[in-house]
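Take a look at the structure below.
Both ligands and their constituent atoms are indexed starting at 1 by order of listing.
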Amino acid sequence: MILYNTNKGVLISHENRFYLTDADWDSLAKSDDIHGECLALAQTLQPVPYGPTLLENGLLPPIGSQEVWAAGVTYFRSREARMEESRDAGGGDFYDRVYYAARPELFFKSPPYRVAGHGQQVRIRKDSKWNVPEPELALLITPGGRITGYTIGNDMSSRDIEGENPLYLPQAKSYDGATALGPGVLVSNTPPHRQSAIRLEIYRQGQRAFEGTTALAQMKRQFSELAEYLYRETTFPHGCYLLTGTGVVPPDSFTLARGDEIRISIDGIGTLINTVA
Ligand code: DO4
Ligand code: MG
């Protein structure tokens, strides 16, 4: 079952049918049994024939009042790329240490109002020369700390700013247009399969400029472990999203350009498409 946030309400896609509810996004996001609640809602509602049209014309980012956080260096490829980019700054050792440490790297990524949805624009910073998208599975976590949903996230990153000094991480990671989520949220009591692929494609002037894939199985940490650390000393009255890190990093010669189209697909969830402004 996939939930879409639209300008007419929350659209439930279930067994090839669409149901439009008047339940609001934040109340669903708080529920520890969002799957059961939406199933019950779908059983009381008539399917609507205009679901696909609503997705084309009325889709919103799948977020209400949730903060977006992110985990880092959860895949070997991210550790490797970051050690390389920060070599001159002498910061590489930190990435190696956090990859193996018990405590994960967690950082604040975005307030909800800065999140782009499917079809909207993401941005590269004007003061950065080396930018990449990071294709990541995003967890929807309730105020009680339960993982109830899964969506696709793009953790846009300025590699030169982060590489110059790891203390610049918030500037490399959190700015207008740095976060995209969507198109919808898979709500399920079981997580996506470990073999699920995360695929990144970048198109420039209609030609594919980069393609890379990883699998959730490549992730070093458990989802529950990341959520547990995030919730240790922090409350989330509306729940939150947690990006789980990237396992795909384009080669060092690659940087995004304005007009590029970024496509991120995760098996069983969908494809998130954004253009770079
Ligand atoms: O350590 C910096 C950020 C790491 C990150 O965003 C990732 O691994 O996905
Ligand atoms: Mg990331």
Side-chain angles (χ1 to χ4, degrees), residues 67-110 114-116 122-125 128 130-139 150-175 177-182 197-200 202 210 212-223 225-227 229-230 240-252 254-256 262 264-266 272 274 276:
E67 294 174 12
V68 183
W69 283 68
V73 199
T74 51
Y75 290 78
F76 196 79
R77 175 70 186 115
S78 178
R79 167 199 169 273
E80 180 187 65
R82 293 192 143 86
M83 287 180 73
E84 187 57 34
E85 80 194 7
S86 64
R87 209 174 28 179
D88 292 349
D93 182 44
F94 290 112
Y95 297 106
D96 186 49
R97 279 158 51 185
V98 84
Y99 182 76
Y100 292 106
R103 183 190 292 275
E105 178 195 0
L106 296 172
F107 58 94
F108 179 74
K109 178 69 183 167
S110 182
R114 255 190 237 128
V115 172
V122 290
R123 287 184 62 254
I124 48 182
R125 292 183 64 116
S128 168
W130 190 17
N131 293 276
V132 290
E134 294 190 353
E136 307 190 8
L137 177 74
L139 311 174
Y150 306 86
T151 189
I152 303 168
N154 180 353
D155 173 22
M156 293 284 288
S157 301
S158 298
R159 291 191 69 186
D160 50 349
I161 295 179
E162 184 187 335
E164 187 181 335
N165 188 325
L167 295 178
Y168 293 151
L169 187 78
Q171 294 175 73
K173 292 287 195 177
S174 194
Y175 57 88
T179 311
L181 291 175
I198 303 183
R199 181 157 191 238
L200 169 65
I202 302 168
F210 175 77
T213 307
T214 189
L216 291 176
Q218 298 298 316
M219 194 175 139
K220 186 163 186 290
R221 299 187 185 263
Q222 304 295 314
F223 302 151
E225 174 192 349
L226 297 175
Y229 266 98
L230 182 59
C240 74
Y241 278 107
L242 176 58
L243 303 173
T244 56
T246 187
V248 180
V249 183
D252 292 357
F254 181 90
T255 187
L256 282 171
I262 302 164
I264 304 173
S265 306
I266 302 185
L272 170 66
N274 299 99
V276 179

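- No side-chain donor-acceptor contact under 3.5 Å links N154 to the backbone of P135.
- Ligand 1 places these atoms under 4.0 Å from at least one heavy atom of S78: 7 (C), 8 (O).
- Annotation: V73 places an N or O atom under 3.5 Å from an N or O atom of ligand 1; distance criterion only.
- In this structure, the side chains of T244 and M219 come closer than 4.5 Å at one or more pairs of heavy atoms.
- Ring geometry for F223 versus Y150: interplanar angle of 30 to 60°, hence tilted.
- The existence of a salt bridge linking R87 and E84 is confirmed by a sub-4.0 Å separation between a basic side-chain nitrogen and an acidic carboxylate oxygen.
- Between the side chain of R221 and the backbone N or O of A102 there is at least one donor-acceptor pair closer than 3.5 Å.
- Not a single heavy atom of Y75 lies less than 4.0 angstrom from ligand 1.
- Close approach of ligand 1 to F107 is summarised as follows: ligand atoms under 4.0 Å from at least one heavy atom of the residue are 3 (C), 6 (O).
- In the displayed structure, Y168 atom OH is contacted under 6.0 Å by at most 12 heavy atoms of other residues, nucleotides or ligands.
- When each atom of ligand 1 is checked for a heavy atom of G72 under 4.0 Å away, the hits are 4 (C), 5 (C), 7 (C), 8 (O).
- Comparing E162, R159, M156 against atom 2 (C) of ligand 1, the shortest heavy-atom distance belongs to E162.
- Of the angles at the Mg ion (ligand 2), the one spanning OE2 of E136 and OE1 of E134 is 100° when given to 10°.
- Residue contacts with ligand 1 do not include R79, since none of its heavy atoms lies under 4.0 Å from the ligand.
- Near D155, meaning under 4.0 Å from any of its heavy atoms, are these atoms of ligand 1: 6 (O).
- Per residue D155, closest N, O or S atom to the Mg ion (ligand 2): atom name OD2.
- Atom numbering of ligand 1 starts at 1 in the shown order; those under 4.0 Å from a heavy atom of G245 are 9 (O).
- E105 OE1, 2.7 Å is the protein heavy atom nearest to atom 1 (O) of ligand 1.
- Y241 places no side-chain N or O within 3.5 Å of a backbone atom of S110 that could act as its donor or acceptor partner.
- Aromatic ring orientation, W69 versus F108: perpendicular (interplanar angle above 60°, classes split at 30° and 60°).
- The N/O atoms of E136, backbone and side chain alike, include one that comes under 3.5 Å of an N/O atom in ligand 1.
- Checked by distance only, ligand 1 and K173 come closer than 3.5 Å through their nitrogen or oxygen atoms.
- Counted by atom type alone, T74 and K220 present zero donor-acceptor pairs between their side chains at under 3.5 Å.
- Using modelled atom types and a 3.5 Å distance limit, the side chains of S86 and R82 yield no donor-acceptor pair.
- Of all protein heavy atoms, the one lying nearest to atom 4 (C) of ligand 1 is R82 CZ, 3.3 Å.
- With contacts defined as side-chain heavy-atom distances shorter than 4.5 Å, the pair V132/T246 does not qualify.
- Within the listing of ligand 1, atoms 7 (C), 8 (O), 9 (O) sit less than 4.0 angstrom from a heavy atom of T246.
- Neither the backbone nor the side chain of V98 has any atom closer than 4.0 Å to an atom of ligand 1 (non-hydrogen atoms only).
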